[in-house]
K.L.:
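Here it is, the structure in full.
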Amino acid sequence: MPIATTIAELARHVGQTVTLSGWLYNSRSSGKLLFLVVRDGTGLCQCVLEKTAVSPEAFEAARRLGQESALRVTGAVRADERSVGGHELAVSEVEVVQSAAGYPITPKAHGIDFLMKNRHLWFRSQRQWAILRVRHTIVDGIRRYFNDHGFILIDTPIFAPAAGEGAQTLFAVDYFGEPVYLAQTGQLYVEAAMMAHRKVYCFGPTFRAEKSKTRRHLTEFWMVEPEIAYADLDDVCALAEDFVYELVQRVLRERRMELELLGRDLARLEAIQKPFHRITYSQAADILRSGQTRTTFEADLERAKARVEELKRLIAEKEAERGAAGIKEWKADKLAQEILDAREELADQEEAVRNIPTHMELAANFEWGGDLGGSDETIIARLHDRPVFVTHYPRGCKAFYMKRNADDPRVVNNLDLLAPEGYGEIIGGSQREDDLDALLERIKEDGMNPADYEWYLDLRRYGTVPHGGFGLGVERTVAWICGLKHIRETIPFARMMGRIYP
RNA sequence: UCCCCGCUAGCUCAAUCGGUAGAGCACCCGGCUGUUAACCGGGUUGUUGUAGGUUCGAGUCCUACGCGGGGAGCCA
């Protein structure tokens, strides 16, 4: 009897006859030899079928199987360097569970619109498979971290009442005739629970109606928000630092294979060590206006310009080569793909050439009091090899609940954590304003109605203490750890402006 | 809301100055005993996003709209 097993377990079965159950990822035929690349959810395995090993009918049936056909394959396991995963199966039997034809996602190149429309199938492709496995480990790592550190999980509501300002970035829902909104944070609720349990967190989906079409935005994304009592800004930073560090360590430990498959530069992740860098907003402003920033941007611009010229030359050369007489078809095909890749990079580089002067100007003319823009964050992060905390923002550009700084009333005790390599803000948080009068003042200042916040104000009336917390965006964290260009691949079914299918 | 780019076969893309719409892949037929997006030979595939306009003639030029991509603002 063959042993039923999975591809991940093959190393334990070398020399034995096993049965794999999975789907046909790709197949290549060589006359009397057939290579079936099978995936089973745990990995890929090349199954080699020799014509003489089975009946002519069985060989013919296997040869005609379409991509993603469901099948069971039985054969002897052997180690082979030439095979994906290092093991292969010398097939003695193929059982077709379902014969599939016309699978849309071929092993060739596809555009992003097509792939997103076929997201339900795209999961099966190697890169997507690896990304969602890393996401799983990050999500599990988040839960594990807080559960192991004495935090109590508090599920906060998704329907939120109309709350003063900011309603334009919220999704309105009809709630028995009343307009309510999909929550964009659980923070206020988690503060209430923190007063009961000391250390709490909420973890769930959150919704933003921002009309942002960028590689960093989703309209529905997951956020974890811890909140701790008897804590000041330093305590919140220390928590965020240890938490992010542990997440990275966990992924490096458990998902090395997936990161390698994604082509992630592991050295960049291994460089994530404590302590993270810490600068204040005012120091960030000085950095932005400094010669170092100017020089960095100028170097970037020169590099981008040089790359544009290089790519143009490269494309012209390849096009000439492709058009040359007597060229082999496979060679022309390869060149065509290289030209497409080069053009894509060219578009990116040309965009950089257009944008950098604007970014330079924004940085050079940065005025104390404004919020840091995307390009500003990028330059700050680029000058550091570890995540960097930016603290003490002007209170004018931050939310009403953030604690005013005792020494400098112009700023609040908040923190943003910028991921390295230009991945931007993955954490935003603060010490909270625990003084009733100060909080009331800020609510009025923002033109909101204190009556809407009565329950929240109660938290300051009855046993208020210094406390704080932060929110970490799961998808941005996954994008950073996986080294992905776009956030849409970090969540199973991305919800973005103008995209709701499937 | 604003700025830039794109839309041609099921998929990825060509199409010179405005002059008969074409490759590769997928699919079908045949060949090949170590392939790695296999390869080689043959075959099938079109309302060029939509609506107007200019022109003897529009995939190509103009206008509007739609959809998608990237960015600004805003944000995790």
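Quick caveat: nothing in here was measured; it's all calculated off a predicted structure. All chains are named by letter (A, B, ...) in the order of the sequence lines, taking the proteins before the strands, and each is independently numbered beginning at 1.
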K.L.:
Return the stacking result for B:G34 and A:Phe35: yes when the ring centres lie under 5.5 Å apart and the planes under 30°, no otherwise.
P.N.:
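Given the distance and angle limits, no, they do not stack.
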K.L.:
Considering every strand shown, what is the Watson-Crick or G-U wobble mate of B:G68 when both distances are under 3.5 Å?
P.N.:
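Partner of B:G68: B:C5.
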K.L.:
Considering only residues two or more places apart or on different chains, which pairs with a residue in residues 41-52 of chain A satisfy side chain to side chain donor-acceptor pair (under 3.5 Å)?
P.N.:
A:Arg28-A:Gln46, A:Asp40-A:Thr42, A:Gln46-A:Glu88
K.L.:
Indicate whether any N or O donor in one side chain lies under 3.5 Å from an N or O acceptor in the other, for A:Gln431 and A:His467.
P.N.:
no
K.L.:
Side-chain N or O of A:Arg488 versus OP1/OP2 of B:G68: is the shortest distance under 4.0 Å?
P.N.:
no
K.L.:
Does OP1 or OP2 of B:C27 have a side-chain N or O of A:Arg64 closer than 4.0 Å?
P.N.:
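The answer is no; no side-chain N or O of A:Arg64 sits under 4.0 Å from OP1 or OP2.
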K.L.:
What I want to check is whether an N or O donor and acceptor connect the side chain of A:Glu50 with the base of B:G34 at under 3.5 Å.
P.N.:
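In this structure, the two groups form no donor-acceptor pair.
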K.L.:
Both distances under 3.5 Å, Watson-Crick or G-U wobble: report the partner of B:U16, or none.
P.N.:
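For B:U16, the partner nucleotide comes out as none, under the 3.5 Å rule.
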K.L.:
Please check: side-chain N/O of A:Arg264 versus main-chain N/O of A:Trp480, any donor-acceptor pairing under 3.5 Å?
P.N.:
yes
K.L.:
Would the base of B:G34 count as contacting A:Arg78 through its side chain, where contact means a donor and an acceptor less than 3.5 Å apart?
P.N.:
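Counting by modelled atom types and ignoring angles, a donor-acceptor contact under 3.5 Å is found here.
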K.L.:
Determine: side-chain N/O of A:His486 to OP1/OP2 of B:G70, distance under 4.0 Å, yes or no.
P.N.:
yes
K.L.:
Do A:Thr169 and B:C75 share a donor-acceptor pair, side chain to base, under 3.5 Å?
P.N.:
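No, the side chain and the base share no sub-3.5 Å donor-acceptor pair.
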K.L.:
Let me know the distance between CG of A:Leu115 and P of B:G10, rounded to the nearest Å.
P.N.:
17 Å
K.L.:
Measure the acute angle between the ring planes of A:Tyr281 and A:Trp368, then classify it against the limits of 30° and 60° as parallel, tilted or perpendicular.
P.N.:
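Aromatic pair A:Tyr281/A:Trp368 classed perpendicular.
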K.L.:
Watson-Crick or G-U wobble partner for B:C39, using a 3.5 Å limit on both distances?
P.N.:
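When the pairing criteria are applied, B:G31 turns out to be the nucleotide that pairs with B:C39.
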K.L.:
Ignoring backbone atoms, establish whether A:Lys108 has a side-chain N or O less than 4.0 Å from OP1 or OP2 of B:C25.
P.N.:
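Indeed not, no polar side-chain atom of A:Lys108 lies that close.
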K.L.:
Using a distance-only criterion (donor-acceptor N/O pair, under 3.5 Å, no hydrogens), is the base of B:C75 paired with the side chain of A:Arg476?
P.N.:
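Answer is yes: a donor-acceptor pair is held.
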K.L.:
Regarding B:C11, can its base be found pairing with the side chain of A:His110 as donor and acceptor, where the two atoms are less than 3.5 Å apart?
P.N.:
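In this structure, the two groups form no donor-acceptor pair.
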K.L.:
Hey, is the side chain of A:Thr106 pairing donor to acceptor with the base of B:C11 inside 3.5 Å?
P.N.:
no
